[in-house]
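Encoded as structure tokens, the structure appears first; notes follow it.
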Amino acid sequence: MSDFLAALRSGPLLADGAMGSYLFKKTGRLSERNHVYESLNLDSPETVREVRLACLRAGARCFATNSFGANAQTLAEYGERRRLEEINRESIRLARWAVEAYQEVAAEVGGFFILGSLGPTSSPLKDLGSLREAYLPQFEALLSAGVDALIFETFSSFSQLR
């Protein structure tokens with residue numbers, strides 16, 4: 001985490017974005033039962049790797065993991081709750097793989113960071129117990145897999161985010 005903070009202090013870092021949009025473009029499908037973008041980490045890792053490498057070639061130095069909707073509540077709605085830990089861990093592994101593959105070809109060293117992406121639940125949760133149940137397994141999976149920082153994306157409920 002200290003390397004990430006030092007890099008932020010030294011100037012702007014280009015980050016990737018719109019992972020879901022890129023995956024939609026590649027697959028032609030919206031998230032639906034048995035086709036959740038986050039499950040592509042396990043079911044179609046080559047698709048996620050292609051997007052990662054394209055972002056690197058475009059100059060990205062920070063990557064939000066493909067884990068935006070990989071919280072317990074959202075994955076349960078799509079029948080994927082049992083794979084929560086594996087989906088989140090693989091999102092980090094795929095991002096690190098892409099950085100290593102890119103560094104081999106481009107001969108660039110250091111300065112790449114993996115940001116664990118956490119998005120809102122599909123329906124707002126108001127009590128701390130429900131929030132803990134939805135997010136704690138995702139936090140634990142991302143942190144134990146060695147994410148450089150966490151990023152909270154697209155929350156429309158400030159109270160839920162807080």
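- Under the side chain to side chain donor-acceptor pair (under 3.5 Å) criterion, the residue pairs touching residues 132-141 are Asn88-Gln138, with sequence neighbours excluded.
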### Query
Run the side-chain contact (heavy atoms from CB on, under 4.5 Å) check on Asn41 and Arg93 step by step: do they pass?
CA-CA 9 Å; Asn41 295 337; Arg93 195 186 74 71; over 6 Å; no
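- For the pair Asn66 and Leu23, the minimum side-chain heavy-atom distance is below 4.5 Å.
- By the side-chain hydrogen bond (donor to acceptor under 3.5 Å, both in side chains) test, Ser156 pairs with no residue at all, sequence neighbours left out.
- Considering only residues two or more places apart in sequence or on other chains, Glu85 meets the salt bridge (Lys or Arg N to Asp or Glu O under 4.0 Å) condition with Arg89.
- Placement of Leu136 and Val147 in two distinct hydrophobic clusters is found when ILVMFWY residues are connected by side-chain heavy-atom separations under 4.5 Å, directly or transitively.
- In this structure, the side-chain contact (heavy atoms from CB on, under 4.5 Å) partners of Glu46, at least two apart in sequence or on a different chain, are Ser44, Arg49.
- In this view, Arg83 and Asp43, Glu80 satisfy the salt bridge (Lys or Arg N to Asp or Glu O under 4.0 Å) rule, not counting sequence neighbours.
- Side-chain contact between Leu142 and Ser91 is present, with heavy atoms from C-beta onward closer than 4.5 Å.
- No side-chain heavy atom of Ile87 sits under 4.5 Å from any side-chain heavy atom of Val36.
- Note that the CD1 atom of Ile92 and the CG atom of Leu143 stand 8.0 Å from one another [nearest 0.5 Å].
- Contacts of Ser67 classified as side-chain hydrogen bond (donor to acceptor under 3.5 Å, both in side chains), with partners at least two apart in sequence or in another chain: Thr65.
- Across all their heavy atoms, Ile151 and Ala64 have their closest contact at CG2-CB, 4.3 Å.
- Contacts of Glu153 classified as side-chain hydrogen bond (donor to acceptor under 3.5 Å, both in side chains), with partners at least two apart in sequence or in another chain: Ser117.
- Listed here is the closest heavy atom pair of Pro45 and Leu42: CD-O, 3.7 Å.
- For Ser122, the side-chain contact (heavy atoms from CB on, under 4.5 Å) partners are Gln73, Thr74, Glu77, not counting sequence neighbours.
- What you find for Leu125 and Ala134 is that their closest heavy atoms are CD1-CB, 3.6 Å.
- What you find for Phe68 and Pro120 is that their closest heavy atoms are CZ-CD, 3.5 Å.
- Contact check for Tyr78 versus Glu38: no side-chain heavy atoms found under the 4.5 Å cut-off.
- For Leu53, the side-chain contact (heavy atoms from CB on, under 4.5 Å) partners are Leu56, Arg57, Trp97, Ala98, Ala101, Tyr102, not counting sequence neighbours.
- Contact record, Ile114 with Asp148: N-OD2, 2.7 Å, taken as the closest heavy-atom pair.
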